[in-house]
Amino acid sequence: MSDLPTPRKKFALHWQILLGLLVGAALGVTANCLAAQGDLQDVVDQIVRVADPLGKVFLRLIFMVVIPLVFSALALGVAGLGDARRLGRVGLRTLLFTVGLSGAAVVLGLTLVNVVQPGRYLSDEQQAELNRQYGSQAQEEMLNAKKAKPLADILLDIIPENPLQEMVGAVDGSSKGGGMLAVMFFALAFGVAMLFVPEKTQTLTNLLEGVFAVCMAIIGFAMRLAPYGVACLVFAMTARLGLALLPPLAGFIAVVLLGLGLQFFVVYPTVLWLFARRSPWAFFRGISDAVATAFGTSSSNATLPTSLRVAEENLRLPREVSQFVLTIGATGNQNGTALFEGVVVLFLAQVFHVDLSLTQQVTVVLMAMLAGVGTAGVPGGSLPLIVVVMQSVGVPGEGIGIILGVDRLLDMCRTTLNVAGDLTIAACVATRRD
Ligand code: ASP
C-alpha cells in the first residue's frame, strides 16, 4: 500500500513518510525549545492546534473504511479456504500450524513488550500531556465498562447480538458488547457460511472483492497524504514533548526486532526440526532467495512466485502442497505481522498509560492473530488493522503516528518472517503427508 505507484516517479512513499517524520520532529523540537525559552508558548500552541487536526486527516480516511475492510477481508479470507475442505488433511494441518505459529509469535511479542516496557520511558507528566492531546473520555468509559464484566460475559459478547450496533460501537468506542472482536466473529461466521452455499454466493464473493478493492484504493489515497500527516502529527507531539518520544521509540524498535529474530532463529528452526525433520540450516539456505525478495519488497504477495519456486526447486516440496499452503499463507498466515501488531498495540497502550487487563491482552492476542489473517500481503498492509486493534482496547488510533515513520524498516523485517513462516508450514505439512 505504501508503494502505491505515483504518477511522477520521484521519491518512494516510504522515504517521503520518513522525511515527513524527520521534518516534523525537527520543527517540533525547535518549537519546543523556543516555547521553553521565551514567551512564544502561545504562538506554538496555536500552530499545534492547526497542525494536529491536519495530521489527522489521513488517519480519518483510514478509519472511514475500517469496518468494510475488516468485514470483506475476513469473510473473503475464510471463504477462500473452500479448497481447504477439498484438501482435507492438508487443509487441517495448514490451519493448525498457522494458528500455532501466529499464536506463538503474538505471545512472544507481547511477553517482550511487557518485560521491556518501552512505552514507559516517558515521565508521568509527559504521559499526561499525550493523553490530554489524544485520550478521550469515551475510551476511558469503554475501558471501565469492559473491566467490570465477568469473564463469561466477555466471551459471550464475542458473538454479537446485533452486528450493526457492534460495528458502530467498535469505531466510536461506545460498544458495551464485544466491539471489533464481535465484528470479526460475524465476518468469520459469514465467510464460513459462504462455504456451505457456494452455488449461491458467487455474486456475493464478487461484491465483497469489490468492497475490499475499493477500501484498499481509499487507503492508498490516504497513504499519499501520510508524509504530510506524519509531519504534522510528529510536529504536534514533539512541540509539546520535545525529544521525549525518542527513547520509547528506540525501545519499541528493539523489541520488535528481538521478537522477530527469536521467532525466525529459534521458533522456526525448532518447528522444522520437530515436525519436518529437516536441518534448519539447509532449509534457510534453500529459501534465501525468497527471504531476500520479501525483505526487499515488503510484500508477501510480490514474493509468492519466488516462494513457490524455492519450495519446488530447493526444498523439493510436492507442488500441490506448496501451491496450496503458500498461496493461502501469503495473505492468511502472517506471523511477523501478527507479532508486530500485538507489540504496537501494547507499546502504544504503555505510551498513553492505558492499563490493559489480562482479558484485554488476551483480546489483543486474538485480534492480532485474526488481523494477521485479514492483512493484505502488501507494504504497510497491516496499518489499518493495527488501528482497529488499538481502538478496540481503548488506545487512541491517532497514536499510530508515533510509529509510522519507522514502519517501512520494520515492514521489511516482518514480511521476511511472514514468508519464512509460510515456507516453514509448507515443509511441515508436506513431511507428514509422505
Ligand atoms: N508487508 C506485509 C506483508 O506483505 C504486511 C504488513 O505487515 O504490513 O506480508
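Keep in mind it's a predicted model, so treat the numbers as computed, not measured. For ligands, and for the atoms within them, numbers begin at 1 and follow the listed sequence.
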State the atoms of ligand 1, each with its element, that fall below the 4.0 Å cut-off from a heavy-atom position in [X].
X: Asn418; value: 2 (C), 3 (C), 9 (O)
X: Gly380; value: 8 (O)
X: Gly381; value: 6 (C), 8 (O)
X: Ser382; value: 6 (C), 7 (O), 8 (O)
X: Ser299; value: 4 (O)
X: Asp411; value: 1 (N), 2 (C), 6 (C), 7 (O), 8 (O)
X: Thr337; value: 5 (C), 6 (C), 7 (O)

*Which bit of Ser300 is near ligand 1, meaning a heavy atom under 4.0 Å away: side chain, backbone, both or neither?*
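Both the backbone and the side chain of Ser300 come within reach of ligand 1.
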*Residue portion contacting ligand 1 (non-hydrogen atoms closer than 4.0 Å) for Val378*: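 Under 4.0 Å from ligand 1, Val378 contributes backbone atoms alone.
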*Does a sphere of radius 6.0 Å around CZ in Arg309 hold more than 12 heavy atoms from other residues, nucleotides or ligands, not counting ones at 6.0 Å or beyond?*
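More than 12 within 6.0 Å, yes.
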*Phe190 ring center near Phe71 ring center (under 6.0 Å)*: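 Ring centres of Phe71 and Phe190 closer than 6.0 Å.
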*is_close_aromatic(Tyr268, Phe283), centroid dist under 6.0 Å*: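 No; Phe283 has its ring centre 6.0 Å or more from that of Tyr268.
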*Which class fits the ring pair Phe97 and Phe275: parallel under 30°, tilted 30 to 60°, perpendicular over 60°?*
perpendicular
*asked:* Assess the residue pair Met390 and Val364 against the criterion (side-chain contact (heavy atoms from CB on, under 4.5 Å)); give the C-alpha distance rounded to whole Å, side-chain angles, the decisive distance to 0.1 Å, and a yes or no.
replied: CA-CA 8 Å; Met390 284 168 70; Val364 174; over 6 Å; no
*Output yes when the distance from some N or O of ligand 1 to some N or O of Asn301 is under 3.5 Å, and no in every other case.*
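N/O-N/O distance below 3.5 Å does not exist for this pair.
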*If every non-hydrogen atom of Ala427 is compared with every non-hydrogen atom of Leu272, which pair is closest and at what distance?*
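Looks like CB-CD2, 4.0 Å.
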_Consider side chain to side chain contact (heavy atoms under 4.5 Å, CB included). Of Ile400, Leu59, Ile402, Leu404, which one does Leu233 pass it with?_
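Answer after filtering Ile400, Leu59, Ile402, Leu404: Leu59.
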